[in-house]
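We count ligands from 1, going down the list as the structure has it; atoms in each ligand are counted the same way.
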Amino acid sequence: MKTAKTITDNKVDPDVLAYTVGDDPVLDLDLAVWDCMGTAAHVTMLSEMDLARPIVTRREAAAVRKELGRIAKSAEKGDFSIRIDDQDVHMAVERLLTEKLGDLGKKIHTGRSRNDQVAVDVRLHMKDQLLRAESETVALAAELRSMGARGGRLPLVGRTHLQPAMPSTVEMWATGHAEMVLDQLVNLEAAYKLADLNPLGSAAGYGVPLPIDRRRTTELLGFARTIHNCFGASMARGECEAALLSAMAQLMAVLSRVAQDLILFSMPEFGYFRLPREYCTGSSIMPQKFNPDVLELVRSKAAQVLGLQTASLSLLHAMPGGYNRDLQDCKWLYMKALSITRQTLRILAKVVAGAEIDADRCRAAFTPGVFATDVALRLVAQGTPWREAYHEVRDHLERLDFEDPDAAVAAKKHEGATAAIDHGLYAKRETEALKSVAKRLGALMAAKKALLS
Ligand code: ARG
């Protein structure tokens, strides 16, 4: 029987190796820098342990960190690769360190497991990615807000059940979506908070007979706190991926609604908005076509991310406690969802920025019925009880007249109504969110730099 040699296993059937390794040699490339960072923190902590005979001296730890810095740099440049017999990034880094530093390289894994490592790598990677996703979310909200500013109080037919309902404005439509997008930061930050916990030092999930200092690695890596229970730390793998996937799925659902409205309102039959031709694609047979394929794909990607989230929860469902290899498959789920969502945030911001507003078509869409509720409320102002006023209008819909939509939207002045949308509120939330992202990203980069240079 043909077998392949790995660091951990002497003899593994090549088909079994390929099946179990899966896409890790590719996926793990995104974790390489974070893996180096995690190892730098672990080795630093090992060198600080109070032992009669140190496992790694402080000097040796510095040498390891220096080499890890080199590996991280090559990974950032794209010069780092993972071999199938490495299995994953963790073994590839250990192999490189051992090739370079000999016996010292063989010591770095003392008192930890690969499960420990992958859990740390994934969390650092998620923190970085979630912060970038947060700032892209803010950027999309800002584009929607600015579309609202472009449209201003231009009347737009507000709809329920897709039927004409009440006078609205382009500003209300666009900033309403902006607010929904901004609110998604709550979920992204919840996912961030769960990612910001240090599992390192759980080893195989049950601790080790060494005086390891888990708080120290938490501090070095810049995590908010340590996951206290080692068994719990091992089980937290998959849970923070699921939280991230849930945030991505909900965010994508919000984006799909923006996309759907844009598709509908830019249809020739509506014509409220126009998508720039360079953001549309043509047909191979129908020369007149400019299709909103981008926005249709936003809808389909939202469905895919929901599928990825479902897959993650199905994978976790009834999984036995402790590490199970199933968890490896959480990795591509969350990575795929992140890349789809971030790409979608960016492309949608671009489409929103380019969307043109057709004032004539927006105004032309008004029909007398859109003013029906306003008419009934005028009767109320004259003393008619609401339900009577409602019936009065409903029984004589033919008497409704076309009214001035500008006056109708100007008449609604309470908080958040058509005449009182406060752009400053959104601008302030955007600024605060970006400030918080910059602060956290700065701290993460500082921790990385301190460990790897
Ligand atoms: N690539 C593996 C994963 O993502 C690393 C951990 C492997 N651990 C193990 N006990 N086989 O899960």
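- Checked by atom type, the side-chain pair N115/S234 shows no donor-acceptor distance below 3.5 Å.
- Protein heavy atom at the shortest distance from atom 9 (C) of ligand 1 is Y323 CE2, 3.4 Å.
- Annotation: cation-pi geometry not satisfied between R123 and F223 (NZ/CZ under 6.0 angstrom from ring centroid, within 45° of ring axis).
- Residue R325 has at least one heavy-atom neighbour below 4.0 Å for each of these atoms of ligand 1: 11 (N).
- Atom 5 (C) of ligand 1 has as its closest protein heavy atom D88 OD2, 3.5 Å.
- Atoms of ligand 1 found under 4.0 Å from any heavy atom of R237 (numbered from 1 in listed order, with element): 3 (C), 4 (O), 12 (O).
- At a heavy-atom distance under 4.0 Å, no atom of Q117 approaches ligand 1.
- Protein heavy atom closest to atom 8 (N) of ligand 1, with residue, atom name and distance, is N115 OD1, 2.8 Å.
- Annotation: cation-pi geometry not satisfied between K127 and W34 (NZ/CZ under 6.0 angstrom from ring centroid, within 45° of ring axis).
- For the atom pair CG of L130 and CD of E189, the computed distance is 9.5 Å after rounding to the nearest 0.5 Å.
- Protein heavy atom at the shortest distance from atom 2 (C) of ligand 1 is Q328 OE1, 3.3 Å.
- Ring orientation note: the planes of F273 and F265 are nearly perpendicular, at an angle over 60° on the 30°/60° scale.
- For atom 1 (N) of ligand 1, the nearest non-hydrogen atom of the protein is D24 OD2, 2.7 Å.
- Side-chain contact, R153 with T418: no donor N or O sits under 3.5 Å from an acceptor N or O.
- Considering backbone and side-chain N/O of K331, one or more are found under 3.5 Å from N/O of ligand 1.
- Under a cutoff of 6.0 Å and an axis angle of 45°, R145 and Y426 do not form a cation-pi pair.
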